[in-house]
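Have a look at the structure below before the remarks.
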Amino acid sequence: MFWVSWGRAPLGCVIWCLRGRVVESKDGTISVASAFAGHHEAVQDRDHKFLTKAVEEAYRGVDCGDGGPFGAVVVRNDEVVVSCHNMVLKHTDPTAHAEVTAIREACKKLGKIELSDCEIYASCEPCPMCFGAVHLSRIKRLVYGAKAEAAIAIGFDDFIADALRGTGFYQKANMEIKKADGNGALIAEQVFEKTKEKFQMY
């Protein structure tokens, strides 16, 4: 809920309530514009701090030869849970992107498979796989630095920006996708029916 009282207000008057926080000056008067600006600057400073850590991880990953220049930091209650970088080369794993690695490590550290009370800071706009991982982990907030085009400019996969933007501008690779039919499709669909009593969604 968000209430605003325009102009200046008398002592004891609520100027605004944002996520349950009342903002008021010592003498009881405050301008809405200055209060909002202060809140916005505080959020910017906080985001800058954690995004800087993600960027530092991007440099670290390249320096130690683990993978590409990408970093990610998972934060909970203003504390860093994990700080990770791209591990594709080290693990010989094309899915070991910084965001996926950070989510995996955060889940292990916190002992759970959903991170709804966490935020993630990524040095670069996540690829579709990483966006999917962020979504599946139920992370409540994503902040990223560089746009996907910055990674594409130095040779990273062309499909990333196309998938994110819904364009075909960068697309070069082609892959055939086919849904199985016949008995193969039937037995695959039966898995869900036959396991629903044994497996409960979290």
Side-chain angles (χ1 to χ4, degrees), residues 43-179 199 201-202:
V43 171
Q44 276 191 321
D45 289 346
R46 180 178 177 277
D47 285 350
H48 179 74
K49 177 177 74 172
F50 294 123
L51 187 58
T52 298
K53 289 184 179 294
V55 171
E56 289 171 354
E57 279 291 343
Y59 281 114
R60 187 175 296 116
V62 173
D63 288 343
C64 61
D66 288 343
F70 304 94
V73 175
V74 173
V75 175
R76 184 174 71 162
N77 298 327
D78 287 338
E79 296 290 333
V80 173
V81 178
V82 294
S83 183
C84 301
H85 53 256
N86 185 287
M87 303 286 279
V88 167
L89 298 179
K90 182 173 183 179
H91 295 327
T92 320
D93 178 0
T95 71
H97 290 196
E99 299 91 332
V100 172
T101 301
I103 289 168
R104 288 171 178 166
E105 293 302 315
C107 286
K108 288 178 184 177
K109 186 171 182 178
L110 298 175
K112 56 184 184 175
I113 60 172
E114 61 87 26
L115 303 171
S116 59
D117 57 350
C118 296
E119 301 164 273
I120 189 166
Y121 290 81
S123 63
C124 184
E125 184 175 16
C127 74
M129 177 186 71
C130 292
F131 265 125
V134 171
H135 173 73
L136 290 173
S137 69
R138 301 186 180 181
I139 283 175
K140 66 180 180 180
R141 185 168 182 258
L142 160 69
V143 178
Y144 68 85
K147 296 180 76 171
E149 285 81 359
I152 290 169
I154 65 167
F156 283 90
D157 290 346
D158 313 88
F159 82 92
I160 295 175
D162 283 331
L164 296 172
R165 314 275 185 268
T167 66
F169 185 78
Y170 298 99
Q171 188 68 48
K172 292 180 182 176
N174 292 300
M175 175 177 63
E176 179 185 356
I177 300 176
K178 177 182 180 293
K179 182 190 178 301
F199 178 79
M201 290 295 292
Y202 55 91

Nearest heavy-atom pair of [X] and [Y]: which atoms, and what distance?
X: Ala122; Y: Ala54; answer: C-CB, 4.2 Å
X: Val100; Y: Cys130; answer: CG2-SG, 3.9 Å
X: Glu105; Y: Cys84; answer: CG-SG, 4.1 Å
X: Ser83; Y: Val73; answer: OG-CG2, 3.6 Å
X: Asn86; Y: Gly68; answer: OD1-N, 3.2 Å
X: Val74; Y: Ala106; answer: CG1-CB, 4.0 Å

How long is the straight-line distance from [atom2] of [Y] back to [atom1] of [X], given to the nearest 0.5 Å?
X: Tyr170; Y: Ile160; atom1: OH; atom2: CD1; result: 11.5 Å
X: Thr92; Y: Met87; atom1: OG1; atom2: CE; result: 11.0 Å
X: Glu99; Y: Ile139; atom1: CD; atom2: CD1; result: 9.5 Å
X: Glu119; Y: Asn77; atom1: CD; atom2: CG; result: 9.0 Å
X: Lys90; Y: His85; atom1: NZ; atom2: NE2; result: 7.0 Å
X: Arg60; Y: Asp66; atom1: CZ; atom2: CG; result: 10.5 Å

message = With side chain to side chain contact (heavy atoms under 4.5 Å, CB included) as the test, pick out the partner of Arg141 among Val75, Asp47, Ile120.
response =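 Result: among Val75, Asp47, Ile120, Asp47 is the only option passing the side chain to side chain contact (heavy atoms under 4.5 Å, CB included) with Arg141.
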Taking [X] for the side chain and [Y] for the main chain, is one N or O donor matched with an acceptor at less than 3.5 Å?
X: Asp93; Y: Thr95; value: yes
X: Glu57; Y: Gly71; value: no
X: Ser123; Y: Val55; value: no
X: Asp157; Y: Phe159; value: no

query = Hey, mind stepping through Asp117 and Lys112 against salt bridge (charged side-chain N to carboxylate O under 4.0 Å, His left out) and telling me if it holds?
reply = CA-CA 11 Å; Asp117 57 350; Lys112 56 184 184 175; 3.2 Å; yes
ask   = Does the separation of the ring centres of Phe70 and Phe156 fall below 6.0 angstrom?
value =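 Yes, close enough.
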Whether Phe131 and Tyr144 hold their rings parallel, tilted or perpendicular, with breakpoints at 30° and 60° =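 Rings of Phe131 and Tyr144: perpendicular, over 60°.
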inquiry  = Are more than 12 heavy atoms, taken from residues, nucleotides or ligands other than His48, located less than 6.0 Å from that residue's NE2 atom?
reply    =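 No, not enclosed.
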NZ/Lys147: more than 12 non-hydrogen atoms of other groups inside 6.0 Å =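 Not buried by this count: 12 neighbours or fewer within 6.0 Å.
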ask   = So do the side chains of Cys118 and Arg76 get within less than 4.5 Å of each other, counting heavy atoms only?
value =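 Of all side-chain heavy-atom pairs linking Arg76 with Cys118, at least one is under 4.5 Å.
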Heavy-atom side-chain proximity of Glu56 to Thr52 below 4.5 angstrom = yes
query = When you check the side-chain N and O atoms of Arg104 and Ser137, is any donor under 3.5 Å from an acceptor?
reply = no
task = Given side chain to side chain contact (heavy atoms under 4.5 Å, CB included), test Thr101 with His97 step by step and report yes or no.
result = CA-CA 6 Å; Thr101 301; His97 290 196; 5.9 Å; no
